[in-house]
Amino acid sequence: MTQREVVSFIEALALANPNASSELVFTNAYTLLVSVVLSAQATDVSVNKATVGLFADAPDPATMVRLGEDGVARHIRTIGLWRAKAKNVVALSQVLIDRHGGEVPSDRLSLEALPGVGRKTANVVLNVVFGESTMAVDTHILRLGNRTGLAPGATPRAVEDQLVKRIPRDMLRPSHHWLILHGRYVCKARAPECWHCVGRPYCHYPDKRLEPV
DNA sequence: ATCCCGAGGG
DNA sequence: CCCTCTGGAT
């Protein structure tokens, strides 16, 4: 896809989704961070179902540590990978208390040092909470980037670097949400709905589905 | 059977 | 570079 087509594609997504935002339910930096940690290999809907009760019991790091792994696990057992996630959420909360005054740090190094937080989660927090122009590449963006030709790359990091390089700086931050929503609801993994895709003129996917099944 | 806003360990 | 962790929706 040419540079001009990349910009046209992103502009079309912007028009189609003027107020795109995260679909995770959160009220502050801490609840966003925990929600994103819980969202690995899980849908936002299932995460939100579990966090209602979790954050009612433990809205901050101190209460989360007090709740403990078993207490957290009770709330999130409906989400995949719940054992590791319960452990990480408690450990991460303890680190926030010990090293960051109970607050969520605003730099990548500190974020990625938290248990259960890798590059993708750090990028989401930096983008949503701290207003940075990061591009968090999840399964949707990895698929969409390769399928459409927008950002070919074998790994999330390769796709991230492509997107950062090709999307104009002033569009990069909101592009994260535009791309995720497009991947989730239009450029879907199983049956992409190309018939109402605004990126169709630029997309390289050879098997465009031009009408509903 | 495949997929979902991955990370850590070997 | 694997592999494992994990459950609900489709």
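The figures here come from the full heavy-atom set of this structure, side chains too, leaving out hydrogens, waters and symmetry mates. In the text below, chain A, chain B and the rest are named by the order of the sequence lines, each starting its count at 1.
Residue-to-nucleotide proximity on DNA chain B shows that, of A/Gly116 and A/His177, the 5′-proximal contact is made by A/His177. Mapping A/Ala84 and A/Thr155 onto DNA chain C via the closest heavy atom, the residue that lands nearer the 5' end is A/Thr155. When the nearest nucleotides of DNA chain B are assigned to A/Asp44 and A/Val117 by heavy-atom distance, the more 5′-ward of the two goes with A/Asp44.
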Show each protein N/O and nucleotides 7-10 of chain C N/O combination with a separation under 3.5 Å, one pair to a line.
{"unit_1": "C/dG7", "atom_1": "OP1", "unit_2": "A/Trp82", "atom_2": "NE1", "d": "3.1"}

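A salt bridge links A/Glu160 with A/Arg119: the distance from a Lys NZ or Arg NE/NH1/NH2 to an Asp or Glu carboxylate oxygen falls below 4.0 Å.
A/Ile97 belongs to a hydrophobic cluster whose remaining members, ordered by chain and number, are A/Val65; membership requires side-chain heavy atoms of ILVMFWY residues under 4.5 Å apart, directly or through intermediates. In the hydrophobic clustering, where aliphatic and aromatic side chains (Ile, Leu, Val, Met, Phe, Trp, Tyr) are joined below 4.5 Å either directly or transitively, A/Met171 groups with A/Met1, A/Val6, A/Phe9, A/Ile10, A/Leu13, A/Met135, A/Val137, A/Ile141, A/Leu142, A/Leu144, A/Leu150, A/Val159, A/Leu163, A/Val164, A/Ile167, A/Leu172, A/Trp178, A/Leu179, A/Ile180, A/Val198, A/Tyr202.
When heavy atoms are screened at a 4.0 angstrom cut-off, A/Val137 is found touching no nucleic acid atom at all. Within the nucleic acid shown, A/Pro156 has no heavy atom closer than 4.0 Å to any nucleic acid atom. Across all strands shown, A/Leu114 has heavy atoms under 4.0 Å from sugar-phosphate atoms exclusively, and none from any base. Within the nucleic acid shown, A/Val124 comes within 4.0 Å of at least one base atom, counting heavy atoms only. Using a 4.0 Å heavy-atom criterion, one finds that A/Thr121 contacts the sugar-phosphate atoms exclusively.
Between C/dC1 and B/dC4, the distance separating the two C1' atoms is 24 Å to the nearest Å. Of the P atoms belonging to C/dT6 and B/dG10, the separation is 15 Å, rounded to the nearest Å. Here, B/dC5 and C/dC5 have their P atoms 23 Å apart, quoted to the whole Å.
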Quiz: residues 69-84 of chain A side-chain donor-acceptor pairs under 3.5 angstrom, not counting sequence neighbours:
{"unit_1": "A/His75", "atom_1": "NE2", "unit_2": "A/Asp57", "atom_2": "OD2", "d": "2.9"}

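Residues satisfying the side-chain hydrogen bond (donor to acceptor under 3.5 Å, both in side chains) criterion with A/Gln94, sequence neighbours excluded, are A/Asp98.
Chain A approaches DNA chain B within less than 4.0 angstrom (heavy atoms of the protein), and the contacting nucleotides run 5' to 3' from B/dT2 to B/dG8.
Judged by distance alone, with hydrogens and angles left aside, the side-chain atoms of A/Thr31 form a donor-acceptor pair with the main-chain N or O of A/Thr27 at under 3.5 Å.
When the shell of 6.0 Å around CD of A/Gln3 is examined, it contains more than 12 heavy atoms from other residues, nucleotides or ligands.
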Determine, stepwise, if the pair A/Arg143 / A/His140 fulfils side-chain hydrogen bond (donor to acceptor under 3.5 Å, both in side chains). CA-CA 5 Å; A/Arg143 176 183 67 250; A/His140 294 298; 3.0 Å; yes
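Rounded to whole angstrom, the span from the CG atom of A/Asn88 across to the C1' atom of C/dT6 amounts to 13 Å.
Here the rule is side chain to side chain donor-acceptor pair (under 3.5 Å) with A/Asn123, and of A/Glu132, A/Arg108, A/Glu112 only A/Arg108 fits it.
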